[in-house]
S.K.: 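Here it is, the structure in full.
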2 protein chains.
Amino acid sequence: MPRVTIADIAKEAGVSKPTVSRALNGHPDVGAETRERIQRIAADLGYAPSASARSLRTGRHDTLGLLMPLQQWWGYSDIQYGIAEESARRGLHLMVHPLRPGERAEREFVTQTLPTLPVDGLILLMPEGTPRHIGAIAHTSMPSVVIDDRGHRLDLPYVESTNRAGFREAVLHLVRHGRRRIAFVGGQLNDAFAQERFEGYLDALREGGIPYDPDLTLLPADREPTADEITELLGTDPDGLAVAWDEIAFSALNALHAAGHRVPDDVAVIGFDDSPIARVMQPPLTTVRQPFRQMGAAAVRMLLDSIEHGRPPAHFTVPTELVIRDSCGSHEDQ
Amino acid sequence: MPRVTIADIAKEAGVSKPTVSRALNGHPDVGAETRERIQRIAADLGYAPSASARSLRTGRHDTLGLLMPLQQWWGYSDIQYGIAEESARRGLHLMVHPLRPGERAEREFVTQTLPTLPVDGLILLMPEGTPRHIGAIAHTSMPSVVIDDRGHRLDLPYVESTNRAGFREAVLHLVRHGRRRIAFVGGQLNDAFAQERFEGYLDALREGGIPYDPDLTLLPADREPTADEITELLGTDPDGLAVAWDEIAFSALNALHAAGHRVPDDVAVIGFDDSPIARVMQPPLTTVRQPFRQMGAAAVRMLLDSIEHGRPPAHFTVPTELVIRDSCGSHEDQ
DNA sequence: TTGTACGCGTTATCAC
DNA sequence: GTGATAACGCGTACAA
């Protein structure tokens, strides 16, 4: 059976197609009685508008695109959750496009895929190390927003969180509870996230009147310290570990246990992100929660602004939140 | 600047629009030289086909829809990953639709959203307890595939994994390593997953010649045992815990530690799913890996079959895989 | 091998 | 307030 169109409704109602269109889209200049009749008939006939036809005519798709790394990380899912929720709230569809790593895939996406994408705007989610070619999107007419544009400098509006201030607050929390030999464990400092969190660490030391000791800094390659590196760090006798990623903190916790250190009695530990694992660790990990869902929602709002008003590049910052659990040793004395 | 269309190319190439269309879509009946010239001009002009116009004309969208619960779980993300990857491989777009819980939202989706969705087929991802109204999709002309249609009986093709056989294999592994008092910890048996895994547990006992002891069965409500329930179970002096979900196994591990039991020496533990957390637990959890990505990919293939050949309802089973780590106590003696 | 004519379903423009 | 007409960009009969 063929699709029901506004032409069918028009015939049935004895009016013209444009009138049906106006009635169904809530235009004011249509008779109240006519509108009701048309709406009733539309419902009776089981009319459903054709998205393609509407898009062809209006140039809008009522759809947002999300460009994601083809890479598993709970944080990305969390961001997508925020985006999906906010999009749905605004009656927009969400199209998800995995981006394979490599410059070639990026180039192909920008030149081949992007121009034909039935999408009104694009949200970019890119891990550190994504080559810059994707930045060509900025020279496109496609409205776009980047999430966590750390070190990319894409010349596009972006959403970020308070990496530096958030980590500073967490380290300061250790300082206030008497820790003096707090080590920093993070990634290489050419990683923009590691860099910002390291500066937050320095901020906290400065504020606490604690001199910076380079021996207490561990910057493993690939964000992944080896067992040896951790052992060596523990040899410097720290009483606190400020770890720039939860995942690294988990390794550290296990290494501490293995070496016979007690957490938090001997060594306090804090992480960053609030991974789902942080809660079930022993002891549960104190960490800085990234507001991923809110960041996703904010990206949607910015994108809509950009689509409707053609706003110039800007950015939006969502605050992180210190989540105090047991690993920092301050649960009992508060 | 206005969009470049095939009309522009036609004018530039001195041919008619249909010729351009045929050349660009690889129809055989077009002169080799003409084709080349048209392709070159298309590239020069930066031509990009209009997805809406094509869809309007052909009735196809080259897009798959994914209906997901508005609910955070790593497994759903994993499935989406598999779907996204396979869709991309086939040149299909992926549209993600969150489904809020409740019969009303389901009804609305089926009657309002679905009919206008610019999608060629739909993959359904529904947690236990999703009311049956969504099953109305079966009476629709929309090709659909369900993932893990446990207990829904939706009369639609579905993809599943070997819950019963997989759990049986894992429990049998414990039996073979000398465990005799193996407890089952799962959800209520009206939960179809709990039911199947429980039967796998019984299968293994039977095969191992171990009589079933009801005291060794813990069926907490909501898949979430209380501390008291676990304590009581440990009072029955089990030497193994067969847990139907990793998440519950994590609670159990922590409870065991708190009660002073050693894992795996005193009590061996196995879980189900292979959550990302399983690897970082102490000790790392032996578990049954769900092939989520492959299930997603399989769903895409089934859906494509259904779209192209209108296949009748069928189903496809992907095997689980036993992942042996330390918590089952058989690493050292193998 | 190529061109002519037309339709897909909707909305914008303008006239009445 | 409503109708006639056209246009969005593309693909497909059919004829040449």
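Residue numbers begin at 1 in each chain, while the letters A, B, ... track the order of the sequences.
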S.K.: Is it true that atom CG of A:Asn25 has more than 12 heavy atoms of other residues, nucleotides or ligands lying nearer than 6.0 Å?
M.R.: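 Yes, the 6.0 Å shell around CG holds more than 12 heavy atoms from other groups.
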
S.K.: Heavy-atom distance under 4.5 Å between the side chains of B:Arg100 and B:Glu108, does that happen here?
M.R.: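 With C-beta onward as the side chain, the pair touches.
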
S.K.: Quick one: which of D:dG3, C:dG9, C:dT10 gets closest to the side chain of A:Leu56?
M.R.: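 Output: C:dG9.
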
S.K.: Rounded to whole angstroms, how far apart are CG on A:Asp62 and C1' on C:dT10?
M.R.: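 Distance check: A:Asp62 CG to C:dT10 C1' gives 13 Å.
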
S.K.: Please give, in whole Å, the distance from C:dT10 C1' to A:His61 NE2?
M.R.: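 Rounding to the nearest Å, NE2 of A:His61 and C1' of C:dT10 are 14 Å apart.
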
S.K.: Does OP1 or OP2 of D:dT2 have a side-chain N or O of A:Thr19 closer than 4.0 Å?
M.R.: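 So the side chain of A:Thr19 is outside the cut-off, no N or O lying under 4.0 Å from OP1 or OP2 of D:dT2.
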
S.K.: To the nearest Å, how far apart are B:Leu24 CG and D:dC10 P?
M.R.: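 Rounded to the whole Å, the gap is 9 Å.
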
S.K.: Apply the test side-chain hydrogen bond (donor to acceptor under 3.5 Å, both in side chains) to residues A:Thr320 and A:Ser161: give CA-CA distance (whole Å), side-chain angles for both, the deciding distance (0.1 Å), then the verdict.
M.R.: CA-CA 6 Å; A:Thr320 54; A:Ser161 65; over 6 Å; no

S.K.: Can a side-chain donor-acceptor contact be found between B:Ser16 and B:Thr19 if the only test is distance below 3.5 angstrom?
M.R.: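 Present: a donor and an acceptor within the cut-off.
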
S.K.: Could you work out, with ring pair (Phe, Tyr, Trp, His ring centres under 6.0 Å) as the rule, every residue matching B:His315, not counting sequence neighbours?
M.R.: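 B:His315 satisfies ring pair (Phe, Tyr, Trp, His ring centres under 6.0 Å) with B:Tyr158 once adjacent residues are dropped.
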
S.K.: Can you confirm whether B:Glu36 is buried at CD, in the sense that more than 12 heavy atoms of other residues, nucleotides or ligands lie under 6.0 Å from that atom?
M.R.: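 Result for CD/B:Glu36: open.
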
S.K.: Distance check: side-chain N/O of B:Ser50 vs OP1/OP2 of D:dG9, anything under 4.0 Å?
M.R.: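 Checking B:Ser50 against D:dG9: no side-chain N or O falls below 4.0 Å of OP1 or OP2.
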
S.K.: Reading nucleotides 11-16 of chain D 5' to 3', which nucleotides get B (base under 4.0 Å from a protein heavy atom), which S (sugar-phosphate only), which -?
M.R.: BBB---

S.K.: Using a 4.0 Å heavy-atom cut-off, does A:Thr34 contact any base of the nucleic acid, only the sugar-phosphate backbone, or nothing at all?
M.R.: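 Sugar-phosphate contact only - A:Thr34 comes under 4.0 Å of backbone atoms but never of a base.
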
S.K.: Just the rounded figure in Å: distance from C1' of C:dC16 to CG of A:Asp29.
M.R.: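 These atoms are roughly 14 Å apart.
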
S.K.: Please give, in whole Å, the distance from C:dT1 C1' to B:Glu36 CD?
M.R.: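 Rounded to whole Å, this separation is 16 Å.
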
S.K.: A side-chain contact here means heavy atoms from C-beta on lying under 4.5 Å apart; do B:Ile134 and B:Leu154 qualify?
M.R.: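 Sidechains of B:Leu154 and B:Ile134: in contact.
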
S.K.: Students often get this wrong, so: under 4.0 angstrom with heavy atoms, is A:Thr5 touching a base, only sugar-phosphate, or nothing?
M.R.: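 A:Thr5: backbone/sugar contact only, no base atoms under 4.0 Å.
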
S.K.: Atom CZ of A:Arg60 to atom C1' of D:dC8: distance rounded to whole Å?
M.R.: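 Answer to the nearest Å: 16 Å.
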
